2 protein chains.
Amino acid sequence: MRERPKIKDIAVKAGVSVATVSRALADSSLVTAETRQRIRELARELNYRPNVSARNLRTRKSMAVLLVVRDVGNPFYLDVLKGVEATAREAGYSVLMGNTENEPARETEYFHMLRDGHADGMILMTGKLPPDGGTRAGGWSRLPVVVALEMIKGSRLPHVQIDNVGAARTAVEHLISLGHRRIAHISGPIPEQMSLDRREGYRLAMRAADLDIPAGYEVCGNFLLESGQEACRRLIALPEPPTALFVANDEMAYGAVHELRRSGCDVPRDVSIVGFDDLYLSKAFYPPLTTVSQPRAEIGRTAMELLLKILSGGRTDADDAIVLPTALNIRSSTAPPR
Amino acid sequence: MRERPKIKDIAVKAGVSVATVSRALADSSLVTAETRQRIRELARELNYRPNVSARNLRTRKSMAVLLVVRDVGNPFYLDVLKGVEATAREAGYSVLMGNTENEPARETEYFHMLRDGHADGMILMTGKLPPDGGTRAGGWSRLPVVVALEMIKGSRLPHVQIDNVGAARTAVEHLISLGHRRIAHISGPIPEQMSLDRREGYRLAMRAADLDIPAGYEVCGNFLLESGQEACRRLIALPEPPTALFVANDEMAYGAVHELRRSGCDVPRDVSIVGFDDLYLSKAFYPPLTTVSQPRAEIGRTAMELLLKILSGGRTDADDAIVLPTALNIRSSTAPPR
DNA sequence: GTGAAAGCGCTAACAG
DNA sequence: CTGTTAGCGCTTTCAC
């Protein structure tokens, strides 16, 4: 086998011009079925594959999308990534991983990568836009970007999201309906929109039921296991500790349960716990965790589909704000108070 | 602001040639510090960024690496991905995600992508080479590929791995030293190398201790939670059920514990369990899981470093088989038999 | 239907 | 030190 054959090699062998080969390979109707056939066979024979850099340069496309998350190490993104990857693949796109670690500079860097032609579009799951979003001509919002998972308020970008406020509210109402009155909340980092929303849902449910939120009942975590543990420790130490916890994500909920157990409390006998996310593990956890499940894979899929639509020239109106349904998954970490 | 400025725009504005601009931007020493300075400022002013497709075409590099795994949805890969991403980033590379779902066709497709210039190198974590690996000139082994996590026997490719046999053996020896004699094993899919190796470690430990492996004591799973549950169910139903389980990964171990609990057995009182992987969750699991921990992030980092070395012209000898250490993490899911 | 030719934007010889 | 020039491999007018 030769070195990588180029289009010209095929052209020579087939006795046609490079243009014809290019057309034949692109399935253009401007080419006789016969020549097309011949060229395709020749291409296969030579094991020809087009050089993507050349094609990208010429077509000004990269057939890649950039998926930017806060932390690639977070298990939450797994299914989302899976959804994105599958959909992208089917459409002939590849997926570039972006990881910001919450650093604004990186956030900006990925937008640059998009402009530079590394990718044709981007799915942004970090909940924020680069700092200088407004100063550039047209801002970043002109770029083919879909915001998913975490919404960015006031950004005219198309969104794929869930109703965090409503879902959180439903979760807390479940606790209330069980008879709990002393319900605390472990939130994500404030002032991230997602944390704010879930806390808002908690507050709404409490207010609607005429329940008090005593001082110290709202503890702020960072979505990581240890912070759930730490937050729980503080809650237990309160003069009047809660009988139920609404935790802003499963990972922190795991930490909270762990801490409760360490201090001799039983879940749900002494304290009920509701999480958020329904990680793949939550059903095998002990006790099986009551939690809000969100359609992660579908979020990924939908976001990618929306991006594809935009890339193929579809409108990018803000009415493209898609809200996917959540569900409260009631398992064994919640029970009536003693 | 203009449309994307190109190198020529800068050249014109600066009154120099494109070559000079290119050099200045590349920090070539062939350019006066002064002109370089001037050009760089101009570039920043114009918000210039090089077009990657053009550069890729010209340099025949993409500054991207392909990370291919069996299943992007598997939490096991998280930290590995994180290690790869961080190292790649530092070196100026981006990471393309590849997902094979165990389909040979996809496996091949990613090798093609590599050849096509989508990426400069590849980190392969699927444990297999495409079917026609040998028929092509030089086979796939000529490409800049590093195999990580799962080894491919007899492939001259550089490897980054752990000693699965030894680690498994140590895990089982722990059980034996606790006094267990009826020890069963839930393996991964056979005949995957990784599953084979861990089972081999189990067998070696058993044989060395003169312990029998009764019929039905080796059950095959697929590394997923449900399969651990299912396998455990069969083990419990045995006329003489085991008092300890060595499970080939944590996820299946979770499933096994879950099943044991469902059927009224206590872990570790009735059955001891050792897992493999030490997922981030295993310490918050109930009971905290005794498990073999492998340095996932470091595996990712090392694989990427090795790939970088190869890409920069380093040797790719098979003596580049790097074995990273594991550790047995003893927690609360193991205890002496009753 | 097919071919000739013009670039996409950049880098790297080669001259000066 | 700087400029001129020739492509990288492909797609796509524009002629024929």
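On a predicted model such as this, the values are computed, not experimentally measured, just so you know. Heavy-atom basis, side chains included; hydrogens, waters and symmetry copies ignored. All chains are named by letter (A, B, ...) in the order of the sequence lines, taking the proteins before the strands, and each is independently numbered beginning at 1.
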D116(B) atom CG is separated from dC8(D) atom P, nearest whole Å, by 18 Å

Round to the nearest Å and state the distance from I10(A) atom CD1 to dT11(D) atom C1'. 14 Å

Checking N47(A) against E45(A): is there a side-chain donor and acceptor pair closer than 3.5 Å? no

Apply the side chain to side chain donor-acceptor pair (under 3.5 Å) test between E150(A) and each candidate in R70(A), Q161(A), K128(A); give the one that qualifies. R70(A)

Taking K61(B) first and then D120(B), would you say they form a salt bridge - that is, a charged N and a carboxylate O separated by under 4.0 Å? no

Once base and sugar-phosphate atoms are separated, protein heavy atoms under 4.0 Å mark nucleotides 7-16 of chain C, 5' to 3', with B, S and - as BBBBBBBB--

Whole-Å gap separating P (dG9(D)) and NE2 (H118(B)): 16 Å

Side chains of T126(B) and E107(B): donor-acceptor distance under 3.5 Å anywhere? yes

N56(A) versus S62(A), side-chain donor and acceptor atoms under 3.5 Å: no

Distance below 4.0 Å between T20(B) side-chain N/O and dC1(D) OP1 or OP2: no

For R301(B), what residues pass the salt bridge (charged side-chain N to carboxylate O under 4.0 Å, His left out) criterion, not counting sequence neighbours? none

